Structure formats: C-alpha cells, structure tokens
Protein chains: 2
Amino acid sequence: MESVSTEQVADFRRFHRYFTRRIGALNDHYLGQDRPLGEARLLFEIAEHDGPDGVLLRELRSRLGLDAGYLSRMTKTLERQGMVRLSVHPHDSRLRTVRLTPAGRVEVTEQNRRADSLAAGVLAGLDTGRRARLCEAMATVRRLLRLAAITVEHVDGHAPDARACLDAYADELDVRFPEGFDRTDLVGPDEVSGEAGAFFVAYEEGRPVGCGALRRQAAGTGEIRHVWVHPDARRLGLARRVLDALEVEALRRDWTVVRLDTHAALTEAQAMYRACGYTEIPAYAEHVYADHWFEKRLGR
Amino acid sequence: MESVSTEQVADFRRFHRYFTRRIGALNDHYLGQDRPLGEARLLFEIAEHDGPDGVLLRELRSRLGLDAGYLSRMTKTLERQGMVRLSVHPHDSRLRTVRLTPAGRVEVTEQNRRADSLAAGVLAGLDTGRRARLCEAMATVRRLLRLAAITVEHVDGHAPDARACLDAYADELDVRFPEGFDRTDLVGPDEVSGEAGAFFVAYEEGRPVGCGALRRQAAGTGEIRHVWVHPDARRLGLARRVLDALEVEALRRDWTVVRLDTHAALTEAQAMYRACGYTEIPAYAEHVYADHWFEKRLGR
DNA sequence: CATGGTCTTTGACCTTAGTCAAAGGATCGC
DNA sequence: GCGATCCTTTGACTAAGGTCAAAGACCATG
C-alpha cells in the first residue's frame with residue numbers, strides 16, 4: 001500500500017467539508033420539512049426496496065442501522081399517517097413486512113420531486129459546458145470512491161459467496177454465448193481450494209460483486225478462470241483488481257506462468273487481458289467455450 | 001437559464017446519495033464519538049477561526065446558524081470541560097470572545113488526526129494514479145459547486161458591500177503595482193449608480209467575493225472598471241461571470257460598446273479580456289494606471 | 001411438547017438539538 | 001442623558017433520536 005500524501009488527505013477533507021456543509025445540509029433540510037428526518041429516510045428506504053411482498057422490517061433495521069424498538073415505533077407512526085401498511089409475513093409470522101400505500105407512494109414521489117428540484121437548482125447555476133463537466137467529475141469521484149471501498153478477499157472454494165458468484169457468472173454466460181453455457185464447465189469447489197487452487201471474491205459493503213478462480217494447470221503454471229464482475233460494479237476497474245489478486249496468489253505459490261482462455265463473445269475481456277500484459281498463445285488445452293488463449297509470465 | 005436534463009439531475013442525486021451515505025455518515029460518527037456532534041462542530045469552528053483575539057460568539061452564531069441561547073449553553077459546556085475560555089471583548093463589552101485553551105488545542109488536534117486517518121483510509125484503497133485522479137475530480141466538483149452557488153447582483157454604488165470590495169481591490173493593487181495605487185482613482189459611488197452607471201457584487205454564501213463597475217463613458221459607450229475577484233474565489237471562472245453581468249447591463253442601457261483599460265502588471269486580466277472577445281485599441285483616455293486599452297462591440 | 005432462539009412490541013428512560021421569550025448589561029445616536 | 005438597539009444569558013419547554021430490557025408471539029429442533 002503506497003503512502004498517502006498529506007496534500008491529498010487535505011484535498012479529500014476540503015471536499016468532504018464543503019460538500020456536506022453545502023449540499024448535505026440543504027438536503028436534510030428539505031427532506032425533513034414535513035416529517036422528522038428519521039421518518040423521511042425510513043419512508044424513502046421502504047420505497048426503494050418495495051418488492052412484491054413489501055420489505056422486511058428486519059432488513060430495514062440492518063440497512064438503516066436502527067434499534068428494533070425505535071424502528072417499530074417509526075413504522076407505526078407511518079402506518080397511522082396512512083403512508084404504509086404493516087403485515088405479517090406469510091411464511092414466518094414472527095416477521096413483519098411493510099409496504100407503501102398509494103398515499104405513501106404519492107408522498108415519496110413528492111419527496112423525489114423536491115430532491116430533483118434541489119439538484120436542478122444547483123445545476124442551473126452553471127452553463128451547459130460546466131454542468132457537463134460537473135456531472136462527469138461527480139461520476140469519476142463516485143466510481144473511484146466505490147472502487148476504493150471494494151475489497152478482494154481470498155475465500156474457500158466451498159464458500160456460499162463463491163458459489164453464488166459462479167452461479168451469477170454462469171447465468172450471464174448462458175445469455176451471452178450463442179450456444180448457451182453448461183454449468184458443469186464451472187470449476188468444482190475442490191479445484192480452487194487448498195493446494196489445488198484459490199478463489200477470490202470482491203466485496204462491496206458486504207455484498208459479493210465479483211470473483212476469480214486460480215487453479216494448478218501444470219508444474220509451476222496456474223490457470224485463471226471465471227473472472228467475473230457484477231453488472232452493477234462494472235467500469236470501475238474491478239476486474240483488474242481481481243486479476244492482480246490472482247496473480248499475487250499464483251506468485252506466492254511459485255507458479256510463475258499463468259494462462260487463461262476466453263470466448264469470442266467476451267471482447268472486452270480480451271482487451272483487458274492484453275492491457276494487463278497477457279499475450280495470445282496457441283491453445284494449451286481443449287475447451288468447449290475457448291476461442292483465444294493467453295499467457296503471462298509473472299515476477300520481475 | 002438553460003434547462004437541466006433529467007439525466008444530469010439523476011447523476012447529481014446518485015452522487016449525493018452515495019457520498020453522504022458512505023462518507024458523511026462515517027465522518028459524523030467519528031466526530032461525535034467523544035462529545036455531542038453539535039459541540040464537536042462548535043469546537044472545530046472555534047479552532048478554525050481562532051485569531052489573536054479569539055472568535056466572536058456572534059460570528060460563530062451566524063457561521064453555524066445556531067440559536068443564541070443554544071450557542072451560549074454549548075460554549076459554557078466547553079468552558080466547563082476546559083476546552084475554551086470565554087472573555088469579554090476589550091472594545092465592546094456586549095460581545096464575548098472565545099478562544100481555545102491548550103487542552104482544547106490538543107483535543108482539536110486529536111479530532112483532526114482522526115479525520116485525517118479516515119480520509120487516508122479511503123484513499124489507501126486506490127493506487128497512485130487513481131488516487132490522483134480522485135483528488136483532481138474532487139477539486140473539479142468543488143470548484144464547480146462553488147461557482148454554481150455564487151450569484152452576481154446589481155447593487156447601489158453606495159452599498160457597504162460595494163465599497164468593501166473596492167477597498168480590498170485597492171489594497172491589492174497597491175501591492176501589485178510597482179508604483180503603488182492611489183485610492184482616489186476608484187470610481188465614486190455616484191459614478192456607478194442610477195443613470196451614470198452600475199455596480200455588481202458577487203456573493204458566495206452571503207459574503208462579497210468579487211465586483212465590477214460599469215459607467216457611462218460616452219454616448220452609447222460604457223466603461224468597465226474595477227473587475228476584481230477575492231483571492232479565495234479565484235480560478236473558478238468568476239471574473240467572466242462578473243464581466244457577463246456588466247455586459248448585459250450595458251446592453252440593457254443600449255450602450256453597444258464597452259471599453260476598459262488595464263495595467264501591465266495584471267497579465268492574467270489581459271488574457272481573460274482577449275478570451276472574452278475584447279480587442280486591443282489605442283488609448284481612449286488618459287489614465288495613470290493604464291498600459292493597455294480594450295474594446296468590445298456588444299449585441300448580436 | 002418443552003426448549004432455546006428469533007423477531008417484534010411495549011414501557012421507561014435519557015441525551016441531544018433546538019425554540020422562544022424575558023431579562024440584563026452595554027453601546028450608539030441624538 | 002434617554003431611548004432604541006445590540007448581544008448574551010437564563011429559564012422553560014418541546015421534539016427528535018436513541019437505548020435498554022422485559023414481554024409476547026412464533027418457529028425449529030430433539
């Protein structure tokens with residue numbers, strides 16, 4: 001981890017202060033003008049995750065980090081105001097689900113309208129060119145902050161998170177490959193555990209958002225497979241982070257060469273491998289879904 | 001005012017949500033761990049503006065937007081904790097000034113250390129290149145948000161804010177011009193009021209941060225003078241905004257030509273005038289501090 | 001069907017944040 | 001020197017935000 005310059009820390013804090021002071025305060029103010037801030041936030045959160053069966057109280061609690069009693073009272077208040085309806089969960093009557101009523105939906109729409117006009121009001125102070133630059137810079141900041149918060153962790157090949165990622169990966173390939181994708185092609189849990197290999201999962205705020213597998217392919221040679229990033233986490237540069245982790249792990253095991261293959265449909269992957277120092281080689285193994293083969297020599 | 005696209009509004013809100021959720025919450029949490037958030041903020045604000053005579057309570061009140069009674073009680077609490085000392089203002093005993101004690105300084109340093117390590121922790125999740133890009137994008141966002149919040153207003157030439165700006169302007173020129181600057185060269189209040197001319201002041205959060213004067217120079221011709229931006233508000237593109245306001249005002253009066261002169265020492269001003277469509281002309285009047293003369297024909 | 005564990009509700013309580021108005025001391029303008 | 005005004009302090013109050021623990025309803029398990 002390279003050391004962070006004090007100048008950059010100061011930049012960061014300057015930005016943070018300015019932003020929370022200027023925009024954060026404004027936002028809280030408009031949000032809280034009809035009802036207490038906590039209630040407004042809760043309503044918002046309910047709207048955000050209002051599925052077919054409503055939202056679980058339990059989920060709201062963990063999401064907003066609220067005390068059970070406090071939450072219970074706030075939802076009761078919202079129910080009295082006609083914004084939401086509480087009901088017992090159909091399969092487990094210890095649980096409560098909460099969902100917006102039509103009146104609640106109107107209220108949330110109104111909240112959103114206000115937030116929109118707050119944002120529009122700020123943006124309106126700029127000409128078109130600067131406005132576009134502002135939006136772009138905001139997108140950059142958000143992208144990089146997200147990336148900074150994602151950690152790539154070594155997990156056991158049997159871990160539920162690992163298998164969940166591979167499932168999502170397989171679903172996606174099944175759609176993207178013209179010939180579909182057969183899940184038996186996935187690495188087994190044992191192939192990426194212990195001596196045989198390794199599995200990495202990328203986490204963003206506790207949620208798995210990417211993965212990558214490494215397995216022994218020959219003496220001193222590893223094979224990289226199933227490098228995948230959740231659609232919500234793409235274009236952050238996360239695949240490279242996963243690849244880095246896999247390469248570091250390979251080196252740790254004295255596997256000085258890593259190989260991988262890729263399907264013609266995954267053009268963006270090929271570009272990334274090339275950019276990361278992989279060079280195309282002849283087929284090193286038979287594989288149904290492989291059209292291109294790459295190799296990289298590790299270590300300095 | 002050009003209309004703001006809904007896509008941009010959505011970008012803005014996405015950014016806002018992400019930032020306040022991820023960074024804002026963290027910050028409040030660490031800030032408030034030893035004492036109530038309000039108190040921590042107050043202490044911070046006192047430290048920030050701790051001059052040779054301390055800070056005026058009145059100033060803190062307006063800066064933090066607090067109720068007089070509330071502030072009075074909070075400072076008392078901080079005094080009891082030994083963080084600050086209250087004293088009566090030497091020249092006006094209605095006023096109170098407050099200043100940090102050594103113990104208070106230690107406390108603030110500790111707070112700062114924690115905020116720094118929070119920032120460093122976030123930045124440490126990125127490699128050098130991305131970290132630099134993050135800081136740059138943050139600086140851009142901050143610059144543009146500031147600019148968006150600044151308004152340029154038409155004020156009377158006698159207004160205290162107008163004269164305050166001209167004073168600051170004169171002080172600066174006195175330093176920058178090798179021959180010094182004589183304040184009698186400034187436009188008089190009447191020259192930039194009513195029919196004779198106009199004066200604009202740029203405000204950032206209520207504080208004047210720039211100005212510009214327009215006065216009748218000949219039939220159908222205006223002269224622009226004293227375009228100035230406070231050092232804290234430079235490099236935002238504010239001078240152009242002031243210039244725009246002056247030109248719009250000139251056109252409103254059917255003055256289709258505006259002229260101005262500038263001193264050789266103000267090289268950045270000359271570049272700006274050229275970039276804004278001004279062309280150099282021969283001297284149109286005698287003027288002690290003028291080395292270059294510019295003109296622009298207004299209207300479409 | 002008893003037992004331990006999971007959720008939610010309720011009651012009791014506390015701190016923080018903030019408002020309002022009255023009062024008191026000081027200054028300013030006339 | 002008087003009244004208006006300014007700034008701070010104090011008292012009285014309120015709402016919001018949050019914590020803790022006990023109780024109640026329910027589920028899963030042996």
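Proteins get letters first, then strands, A, B, ... in listed order; numbering begins at 1 in each. Bear in mind the structure is a predicted one, so any value in this text is a computation, not a measurement.
Every side chain to side chain donor-acceptor pair (under 3.5 Å) that A:S87 has, sequence neighbours left out, goes to A:T97. Residues passing the salt bridge (Lys or Arg N to Asp or Glu O under 4.0 Å) test with B:D182, sequence neighbours excluded: none.
Rounded to whole angstrom, the span from the CZ atom of A:R96 across to the C1' atom of C:dT6 amounts to 12 Å. Rounded to whole Å, atom C1' of C:dC20 lies 14 Å from atom CZ of B:R61.
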Where protein sits on nucleotides 24-30 of chain C, one letter per nucleotide: B base, S sugar-phosphate only, - none, heavy atoms under 4.0 Å: -BBS---

Nucleotide-resolved protein contact map, nucleotides 12-19 of chain C, B/S/- at heavy-atom distance under 4.0 Å: B---SBBB

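Using a 3.5 Å distance cut-off with no hydrogens or angles, the side chains of A:H158 and A:D190 do pair a donor with an acceptor.
Among the heavy atoms of the strands, none lies under 4.0 Å from A:L71.
Counting heavy atoms of neighbouring residues, nucleotides and ligands inside a 6.0 Å radius, atom CD of B:E195 does not exceed 12 of them.
Looking at A:R183 and A:E172, no side-chain N of the basic residue comes within less than 4.0 Å of a carboxylate O on the acidic one, giving no salt bridge. The existence of a salt bridge linking B:R35 and B:E107 is confirmed by a sub-4.0 Å separation between a basic side-chain nitrogen and an acidic carboxylate oxygen.
Nearest heavy-atom pair, B:R13 versus A:A119, reported as atom, atom and distance to 0.1 Å: CG-CB, 4.0 Å.
The salt bridge (Lys or Arg N to Asp or Glu O under 4.0 Å) pairs that include a residue from residues 85-106 of chain B are B:D50-B:R105, B:D92-B:R94, where partners are two or more places apart or lie in different chains.
The aromatic rings of A:H16 and B:F19 lie tilted to each other, with the angle between the two planes from 30° to 60°.
Side-chain atoms of B:T101 come within 3.5 Å of backbone N or O of B:M83 as a donor-acceptor pair.
Scanning DNA chain D 5' to 3' for nucleotides with an atom closer than 4.0 angstrom to a non-hydrogen atom of chain B gives a first and last hit of D:dC6 to D:dA12.
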